[in-house]
Undergrad: 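Submitted below is the structure of interest, expressed as structure tokens.
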Amino acid sequence: MSIEKVIVLEDDAIVRANLENFLRRQKLDVVTAPTIAAARDALGRDSFDLIFMDMRLPDGDSIELLKELQTRPQRPLAVVMTGFGSVESAVECMKNGSFDYLIKPFSTEQIEVTLRKAQEFSQLVKVNHFLSQESDDDERELIGRSPSMENLRQLIRKVARTQATVLIHGESGTGKELVARALYRESPRAEAAFIKVNCAAVPENLIESEFFGHEKGAFTGAMTKREGRFELAHTGTILLDEISEISPAVQAKLLRVLQERELERVGGNRTIKVDVRVIATTNRDLQQSVEKKEFRQDLYFRLNVVPVHVPPLRERREDIPELAGEFMRRFARKHGVHVKGFTEAALHTLRQHDWPGNVRELQNVIERAVILCGENGMLEPEHLGMAAPPENSGDGGDFLSGYNASGGLLTLAEMEKRHILAAMNHCGGNRTHAAKVLNMSIRTLRNKLHEINGTTPKSEDEAEVVEG
Ligand SMILES: Nc1ncnc2c1ncn2[C@@H]1O[C@H](COP(=O)(O)OP(=O)(O)OP(=O)(O)O)[C@@H](O)[C@H]1O
Ligand SMILES: [Mg+2]
């Protein structure tokens with residue numbers, strides 16, 4: 001629920017009490033204020049999702065308070081209550097940012113309608129805010145006409161229609177996220193939100209609050225309440241990306257949401273019901289993780305209702321020319337470069353390569369080639385930069401030899417750092433792929449990269465909450 005805390009600013013004691021009682025019956029947390037001063041005081045101390053405001057009060061006109069509220073980043077939705085004679089001032093309030101108005105005397109049905117509208121609106125604001133922070137490229141179509149891609153498309157069409165939980169597995173860069181988005185787009189929930197959580201990118205201590213939200217003061221730094229991704233995804237679809245990376249404690253909590261479709265925020269005790277369709281992805285073999293006791297079997301069964309496998313690019317080489325052609329056009333447009341096509345030799349190189357980083361690697365190679373392409377607009381093998389071995393990067397002699405430029409032995413830490421950077425380079429900057437090559441978890445790699453860069457890990461979007 002998006003509206004939880006409400007303030008009623010009204011000087012008429014009877015109207016105030018009636019409204020308060022009604023709102024409490026709706027399980028809302030209500031504070032009342034008979035004057036603007038009292039309301040201002042309460043608004044300074046606490047955050048509210050909704051304010052009902054009478055217009056003329058003993059200590060002034062509430063339009064001033066309304067204007068003041070508009071300057072706050074986290075403000076309640078405002079509903080103005082006005083007598084029959086002052087509809088013009090209601091219009092004035094709407095111009096100044098109020099969400100709705102009620103003309104006195106009003107019925108409980110009218111309040112209910114207003115509340116419902118406010119709930120929906122506030123949910124939309126939050127979802128939009130979340131989506132506006134997602135980097136959204138609009139190239140979402142799955143490219144490829146190989147039999148395995150056609151099968152995949154058919155499966156997506158069939159499964160999308162249902163509410164079934166889907167587990168998408170495949171190597172890094174094969175297009176799992178694209179498949180998840182296709183499932184969403186073709187589902188009956190396509191009009192509702194698609195909310196993604198990258199389980200590998202969120203630090204372990206924040207993941208629970210990321211999933212389930214938290215109440216104000218739940219832990220140090222929890223300045224306001226925050227809804228989790230499951231609540232944001234209510235009526236829509238949630239993508240749990242790289243699900244293999246979550247800790248046993250969070251696995252247990254996730255199991256509960258999947259089974260009961262209910263949750264409690266961190267530091268809260270109210271049970272919140274959510275209606276979500278769940279899609280998860282993994283590039284690890286989850287069954288193996290279950291055997292190694294790293295992943296709960298019951299959770300695995302809950303997730304693996306419909307397994308969808310995305311094959312590696314080397315097993316569908318016939319898709320390479322079409323993918324390469326499409327990426328070439330996209331990057332030519334993006335970089336404003338004139339490119340005509342690939343030479344036969346370049347196409348041959350692309351077809352021969354094993355693509356350990358799959359479609360993402362191909363995409364990176366083509367982007368670089370488009371940038372390096374010469375005057376004649378033809379992409380040659382040398383533009384693909386694929387034959388160059390990753391070792392011997394130059395400056396201090398043998399980059400990965402274990403010796404520095406003056407012949408002394410490197411420390412283990414320095415050697416590790418060099419090796420990690422070489423792996424990142426080899427994988428075109430793709431951390432998931434590099435982690436796989438290095439046989440370490442993405443989280444460990446992420447932490448090591450932060451160490452190398454001297455940066456601090458933090459949640460992807462800690463500062464994203466907007467209320468009201
Ligand atoms: N069939 C395809 N058609 C067009 N683009 C594709 C296709 N498959 C993958 N891509 C592109 O390749 C990139 C990687 O795809 P995506 O992020 O879906 O892979 P992933 O399997 O989720 O990888 P990871 O495990 O590393 O998260 C994206 O930019 C995506 O748009
Ligand atoms: Mg992915």
Side-chain angles (χ1 to χ4, degrees), residues 134-157 166-186 194-202 237-246 279-286 289 307-331 333-334 350 353 355-368 370 423-424 426-438 440-443 445-446 449 460:
E134 287 273 271
S135 66
D136 209 322
D137 66 73
D138 41 40
E139 320 280 10
R140 295 276 186 231
E141 286 305 315
L142 276 171
I143 299 165
R145 295 281 147 205
S146 61
S148 53
M149 281 308 279
E150 292 295 6
N151 286 341
L152 184 59
R153 264 195 210 92
Q154 259 179 28
L155 182 61
I156 291 172
R157 225 166 290 136
V166 181
L167 180 62
I168 305 171
H169 55 98
E171 289 177 13
S172 173
T174 44
K176 295 185 292 296
E177 188 170 337
L178 225 50
V179 170
R181 287 183 189 273
L183 275 167
Y184 157 72
R185 266 204 320 268
E186 295 182 30
F194 178 84
I195 303 288
K196 171 180 147 184
V197 194
N198 186 340
C199 303
V202 182
T237 305
I238 192 165
L239 170 61
L240 307 173
D241 209 11
E242 309 202 27
I243 190 74
S244 58
E245 303 303 306
I246 60 173
I279 303 177
T281 76
T282 174
N283 51 33
R284 281 180 205 253
D285 182 344
L286 265 196
S289 304
V308 171
H309 177 64
V310 188
L313 188 54
R314 64 183 172 280
E315 286 175 14
R316 45 179 164 114
R317 288 178 194 273
E318 48 288 41
D319 289 337
I320 292 173
E322 191 188 343
L323 280 163
E326 178 57 30
F327 292 150
M328 178 192 81
R329 281 183 288 278
R330 283 184 198 171
F331 290 121
R333 219 179 306 130
K334 174 177 164 195
L350 291 176
H353 188 61
W355 303 108
N358 294 294
V359 182
R360 187 184 288 107
E361 184 188 3
L362 175 63
Q363 212 173 355
N364 290 341
V365 164
I366 303 297
E367 178 162 23
R368 189 171 49 213
V370 164
M424 286 296 287
H426 179 73
C427 301
N430 178 343
R431 286 191 288 199
T432 312
H433 181 202
K436 194 160 183 187
V437 171
L438 293 168
M440 58 170 62
S441 78
I442 299 155
R443 181 171 290 119
L445 174 61
R446 199 173 147 271
L449 284 170
E460 280 181 302

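All ligand and atom numbering here is 1-based and tracks the order in the structure. From a predicted model like this one, the values you see are computed outputs, not experimental measurements. Below, each value reflects all heavy atoms present in this structure, side chains not excepted, and no hydrogens, waters or symmetry copies.
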Undergrad: Students often mix this up, so state it plainly: with edges at 30° and 60°, are the rings of Trp355 and His353 parallel, tilted or perpendicular?
TA: perpendicular

Undergrad: Counting only heavy atoms not in Arg431, do more than 12 fall under 6.0 Å of its CZ?
TA: no

Undergrad: Please identify which of these residues, Ile279, Leu286, Val197, Thr281, meets the side chain to side chain contact (heavy atoms under 4.5 Å, CB included) condition with Ile243.
TA: Leu286

Undergrad: In ligand 1, which numbered atoms sit nearer than 4.0 Å to a non-hydrogen atom of Asn283?
TA: 25 (O)

Undergrad: So which atom in Arg316 and which in Thr174 form the shortest heavy-atom distance, rounded to 0.1 Å?
TA: NH2-O, 3.3 Å

Undergrad: Answer yes or no: does an N/O atom from Arg316 fall short of 3.5 Å to an N/O atom of ligand 1?
TA: no

Undergrad: Does Leu142 approach ligand 1 within less than 4.0 angstrom via side chain, backbone, both or neither, non-hydrogen atoms only?
TA: both

Undergrad: Check for me whether Asn358 has a heavy atom closer than 4.0 Å to any atom of ligand 1.
TA: no

Undergrad: Check each atom of ligand 1 against the heavy atoms of Phe327 and keep those under 4.0 Å away; list them by number with element.
TA: 5 (N)

Undergrad: If every non-hydrogen atom of Glu318 is compared with every non-hydrogen atom of Pro147, which pair is closest and at what distance?
TA: OE2-CD, 3.4 Å

Undergrad: Quick one about Asn283 and Ser172 (side-chain donor to acceptor, distance below 3.5 Å, no hydrogens or angles considered), yes or no?
TA: no

Undergrad: Heavy atoms only: give me the nearest Arg446-Ala200 pair and the separation to one decimal.
TA: CD-O, 4.0 Å

Undergrad: What I want to know is whether Arg330 and ligand 1 share at least one N or O pair that is separated by under 3.5 angstrom.
TA: no

Undergrad: Check each of Ser146, Gly175, Ala180 against atom 16 (P) of ligand 1 and report the one with the nearest heavy atom.
TA: Gly175

Undergrad: Below 4.0 Å from any atom of ligand 1, is there a heavy atom belonging to Gly170?
TA: no

Undergrad: Side chain or backbone of Leu323 under 4.0 Å from ligand 1, or both, or neither, by non-hydrogen atoms?
TA: side chain

Undergrad: Once salt bridge (Lys or Arg N to Asp or Glu O under 4.0 Å) is applied, do any residues pair with Glu186, and if so which ones, sequence neighbours excluded?
TA: none

Undergrad: Mark up the atoms of ligand 1 that fall under 4.0 Å of a heavy atom belonging to Glu141, in ascending order.
TA: 3 (N), 4 (C)

Undergrad: Select the closest option to atom 5 (N) of ligand 1 among Ile143, Asp319, Leu178, Asp241, judged by heavy-atom distance.
TA: Leu178

Undergrad: Heavy-atom pairs closer than 4.0 Å: do any link ligand 1 to the side chain of Thr432, the backbone, both, or neither?
TA: side chain

Undergrad: Ignoring angles and geometry beyond distance, decide whether Gly173 reaches within less than 3.5 Å of ligand 1 through its nitrogen or oxygen atoms.
TA: yes

Undergrad: Below a 4.0 angstrom heavy-atom separation, can you tell me which part of Met149, side chain or backbone, both or neither, approaches ligand 1?
TA: side chain

Undergrad: Given salt bridge (charged side-chain N to carboxylate O under 4.0 Å, His left out), test Glu171 with Lys436 step by step and report yes or no.
TA: CA-CA 9 Å; Glu171 289 177 13; Lys436 194 160 183 187; 5.0 Å; no

Undergrad: Could you pull out, from Gln363, His433, Glu361, the option with a heavy atom nearest to atom 13 (C) of ligand 1?
TA: Gln363

